[in-house]
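Read the structure below first, then the notes.
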Number of protein chains: 4
Amino acid sequence: MAKPPNPARRSESSRQAILAATGELCSQVGYGRLTIEAIAARAGVSKKTIYRWWPSKGAVVLELLGETATIATAPPDTGDLAADLHTMLTEIVDILTRDSAGTGVISEALNDPDLARDLRERLIQPGIDAFKQRLRRAQDAGRLHPDADLDVALDLLYGPIYHRMALHLGMPGPAYLGSLITHALRALTPPTPH
Amino acid sequence: MAKPPNPARRSESSRQAILAATGELCSQVGYGRLTIEAIAARAGVSKKTIYRWWPSKGAVVLELLGETATIATAPPDTGDLAADLHTMLTEIVDILTRDSAGTGVISEALNDPDLARDLRERLIQPGIDAFKQRLRRAQDAGRLHPDADLDVALDLLYGPIYHRMALHLGMPGPAYLGSLITHALRALTPPTPH
Amino acid sequence: MAKPPNPARRSESSRQAILAATGELCSQVGYGRLTIEAIAARAGVSKKTIYRWWPSKGAVVLELLGETATIATAPPDTGDLAADLHTMLTEIVDILTRDSAGTGVISEALNDPDLARDLRERLIQPGIDAFKQRLRRAQDAGRLHPDADLDVALDLLYGPIYHRMALHLGMPGPAYLGSLITHALRALTPPTPH
Amino acid sequence: MAKPPNPARRSESSRQAILAATGELCSQVGYGRLTIEAIAARAGVSKKTIYRWWPSKGAVVLELLGETATIATAPPDTGDLAADLHTMLTEIVDILTRDSAGTGVISEALNDPDLARDLRERLIQPGIDAFKQRLRRAQDAGRLHPDADLDVALDLLYGPIYHRMALHLGMPGPAYLGSLITHALRALTPPTPH
DNA sequence: CGATAAGCGAGACGGTACGTCGAGTCTTGTG
DNA sequence: CACAAGACTCGACGTACCGTCTCGCTTATCG
């Protein structure tokens, strides 16, 4: 029945227009008030064209985020672990602070399992992999305890950001971020030999 | 113009019926598919009555959570800090796992500043206060570093839960929670004198 | 069941306030947009008080019309039949032109048999009786054909007014009214003996 | 802003279903209790589709009347003026008696200038034109006074019907209609030469 | 190289829920 | 017990978007 469209014949210009319109509207009215109807109108595109390629507005914004993001790239490695972590965390904070697209997709995904899966697979997991990769290097360099659980590390470092976002406790500034990193590393670092 | 109704004349039975209906529907169809229309119908109540006392469906569910919650109560204090933290964290995990009401309100609040404020003031802040109160006792008992920043402690302990919730990384089980607590405490504990 | 209230204890001041408010609102917003709610608010009266004494907004306006009207009084009799008819018809035209109360009640009565009955019995029938009384005098004076049907006379004289009102053909001015009277009387007058 | 829809793409089947449902409901519950909601439900049509093409329920019923009506057609001309008038007047009486659609639209139009204009232009004026055309022929044939004012004729003949409708005096039967026609013609006919 | 099938814009369609309005009823407290 | 105040249920309003569905119109393969 549901015959999937042929991606080869897809109009790239329409795709671009849709993502552009989505971005503009999202900054103007916020993710909550964003509608497919408005995106189509602003992009000069048929609603059908949007529904042909995306299952929901969340999926469109997700793709927009993927377009913009530098997240999934290789982690920075300056040799200074704390500084690199600071860079990585700051990027997430920026995304969640910049406009409502980031928090919007996260909020939508909380009620939409399909979107949640896409979000995790396309944006989150690559970021996690990069993070772990960087930490493993630090571990190899003896900077972290050799038995340190990297999942725990992930939670300790990224957790505070999402905690503060979810409960509106104020996004962490650079200094506070530094403090968090210090504490987290202390939990993961082998006791300094005296 | 918009004259606020007189709370003294409010029908308590309607309020109860609305909250009950909200709870039932939320478990049945999930927060996302919950509608004011359905709540009114199931509660045998006029939509107007709902709109008279709550600004949005999120606000209704928030009040329902507040009704149910034991969160804001005094924190447990068995003397065993790690065990008490486990109890407190488990409660949050339960709330976020039980049904879609908890995550639903959080997701809604991400796009609705008014709801976000209510959520923080009515549910979150009391919990934070209780948490800090417990930690301060531990600090006084020398269990924590005297200079430990309790905000950092909060973030390190609760952050992982919201991190995993927001990104659908799987909610932490008791064991993993224990591991997190161990790590977090290590970051907050004075170095054991050798 | 439906226990009728005791008219003796009725508050005359409330009644006055309701009718006054009705009149003012009717001129301001028109019969169509008139609501019981607004009448109660403007009159400083409980909605219940209105419903206690009147079955519908149409009934209130009807009573207001009855209060204002001079219709039911004795017909003018200057001896000049045509002039007297002109006076009587002009009064109706005035009522239907002045504000939306007159046409409003008529329009409501078209869909509300109870109101229709009240309208006819309280306002219309007395007017008809007065009209016929005047015509009968003319008949006795030989001014009309002795066999003339007064119902027909009523229809011929008043019909045009309601015709033009109902179909929005423009209410007749004094001159046109005169022409109508002339024609109607011609139909009712005995052929002049040659 | 308010972009009018493209009539070319209009669904004729929806239009038919709407008018049919309107007719059925109007006979069943009467014009007063007719609602757009019920029409949409019965017609299996979205409310939006009704609002897209009609401004109000009155407009829908008006179109239904226009669909049904034979009014605007050429007037009958059997050579017998009185008989032809009887035919024409009877048709109006029938429409106003058949169901509540006719009186309903008239009552609505009394409070809605836009509907009133549509009613007059689409239904009434063509009927008036046909009526006058027939009378002009009678005039040419010497059956009416050459100076007779056809507007007066219209008022004298149709007026009684609307008078009795508006004031609920009982719709005229065939005999009474004949009597009215006789009288009206007497007012419009040249004095018979002796 | 011309048919033909696809994506496309436009936007009408059946739906669902929205948030508001007013009707008419009911409750509470006052005089 | 009539009244002012106003909360209540009910039902309809008119609107907004949803996601689906024709329509013609490119446009880009493939027989």
Side-chain angles (χ1 to χ4, degrees), chain A residues 2-3 5-15 17 33-41 43-57, chain B residues 3 5-11 13-14 33-41 43-53 55-57, chain C residues 3 5-11 13-14 17 33-41 43-53 55-57, chain D residues 3 5-11 13-15 17 33-41 43-53 55-57:
Chain A
K3 184 171 41 176
N6 179 355
R9 309 197 58 173
R10 181 169 186 179
S11 159
E12 179 59 18
S13 69
S14 289
R15 183 177 160 279
R33 280 191 242 290
L34 184 65
T35 67
I36 298 248
E37 200 106 11
I39 295 173
V45 141
S46 169
K47 280 202 291 175
K48 178 126 198 177
T49 299
I50 299 182
Y51 283 113
R52 196 170 357 241
W53 303 110
W54 292 278
S56 65
K57 86 164 173 178
Chain B
K3 189 172 33 178
N6 179 352
R9 314 199 56 179
R10 180 169 186 179
S11 159
S13 68
S14 290
R33 279 190 245 290
L34 184 65
T35 67
I36 299 240
E37 199 108 13
I39 295 173
V45 140
S46 165
K47 279 199 291 176
K48 179 137 196 175
T49 299
I50 300 182
Y51 284 114
R52 186 159 20 230
W53 303 110
S56 65
K57 85 165 175 179
Chain C
K3 184 171 41 176
N6 179 353
R9 307 197 58 172
R10 180 169 186 181
S11 159
S13 68
S14 290
R33 281 191 243 288
L34 183 66
T35 66
I36 299 249
E37 199 105 11
I39 295 173
V45 141
S46 168
K47 281 201 291 174
K48 178 127 200 179
T49 300
I50 299 182
Y51 284 112
R52 192 163 11 233
W53 303 110
S56 65
K57 85 165 174 178
Chain D
K3 189 170 34 177
N6 179 353
R9 314 199 57 179
R10 182 169 185 180
S11 159
S13 68
S14 290
R15 184 177 160 276
R33 278 191 246 288
L34 184 65
T35 67
I36 298 242
E37 200 107 12
I39 295 173
V45 141
S46 166
K47 279 200 289 177
K48 177 125 198 183
T49 299
I50 300 182
Y51 284 113
R52 189 159 18 228
W53 302 110
S56 66
K57 83 165 173 177

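Chain letters run A, B, ... following the sequence lines, proteins first and then strands; every chain starts at 1.
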Checklist outcome for this item: Rounded to whole Å, the CD-P distance (Glu12(A) to dC8(E)) equals 11 Å
Checklist entry - Which part of the nucleic acid does Arg52(C) contact within heavy-atom distance under 4.0 Å: base, sugar-phosphate only, or nothing? => result base
Checklist entry - Which whole-number value in Å describes the distance from Ile50(A) CD1 to dC8(E) P? => result 11 Å
Next on the checklist: Rounding to an integer number of Å, can you tell me how far Arg10(B) CZ sits from dC8(F) P?
Outcome noted: 8 Å
Next on the checklist: Any side-chain N or O of Ser14(C) below 4.0 angstrom from OP1/OP2 of dA2(F)?
Outcome noted: no
Checklist entry - Start at the 5' end of DNA chain F and walk down; is the nucleotide closest to Ile36(D) or to Arg33(A) reached first? => result Ile36(D)
Next on the checklist: Strictly under 4.0 angstrom, non-hydrogen atoms only: write out the protein contact profile of nucleotides 20-26 of chain F, one letter per nucleotide from the 5' end, B, S or -.
Outcome noted: BBBB---
Checklist entry - Yes or no on side chain to side chain contact (heavy atoms under 4.5 Å, CB included) for Ile36(A) and Trp54(A), after CA distance, side-chain angles and deciding distance? => result CA-CA 10 Å; Ile36(A) 298 248; Trp54(A) 292 278; over 6 Å; no
Next on the checklist: Does a side-chain N or O of Ser11(A) approach OP1 or OP2 of dT27(F) to a distance below 4.0 Å, or not?
Outcome noted: no
Item to check | Atom pair distance, as rounded to whole Å: CD1 in Ile39(C) and P in dA5(F) | outcome: 16 Å
Item to check | Least distance between heavy atoms, Ser46(D) atom then Ala40(D) atom | outcome: C-CB, 4.3 Å
Checklist entry - Around Arg33(B), counting heavy atoms of other residues, nucleotides and ligands shown, do more than 12 lie under 6.0 Å from its CZ? => result no
Next on the checklist: I want to check one thing: is the phosphate of dG19(F), taken as OP1 and OP2, less than 4.0 Å away from some side-chain N or O of Trp54(A)?
Outcome noted: no
Next on the checklist: Here's a test of your reading of the structure: between Leu34(B) and Thr49(D), which maps to the more 5' nucleotide of DNA chain E?
Outcome noted: Thr49(D)
Checklist entry - Which atom names give the shortest non-hydrogen contact between Ala17(C) and Ala43(C), and what distance separates them? => result O-CB, 3.5 Å
Checklist outcome for this item: Rounding to 0.5 Å, atoms OG1 (Thr35(C)) and NZ (Lys47(C)) come to a distance of 9.0 Å
Next on the checklist: Let's see if you can work this out: which of dA12(E), dT9(F), dA23(E) has an atom nearest to the side-chain heavy atoms of Glu37(C)?
Outcome noted: dA23(E)
Item to check | Within 45° cone and under 6.0 Å: Arg9(D) NZ/CZ vs Trp53(D) ring | outcome: no
Item to check | Upstream residue (5' side of DNA chain F) when Lys57(D) and Ala38(A) are each assigned their closest nucleotide | outcome: Lys57(D)
Next on the checklist: Using 0.5 Å steps for rounding, measure from the CD1 atom of Ile39(D) to the CD1 atom of Ile50(D).
Outcome noted: 5.5 Å
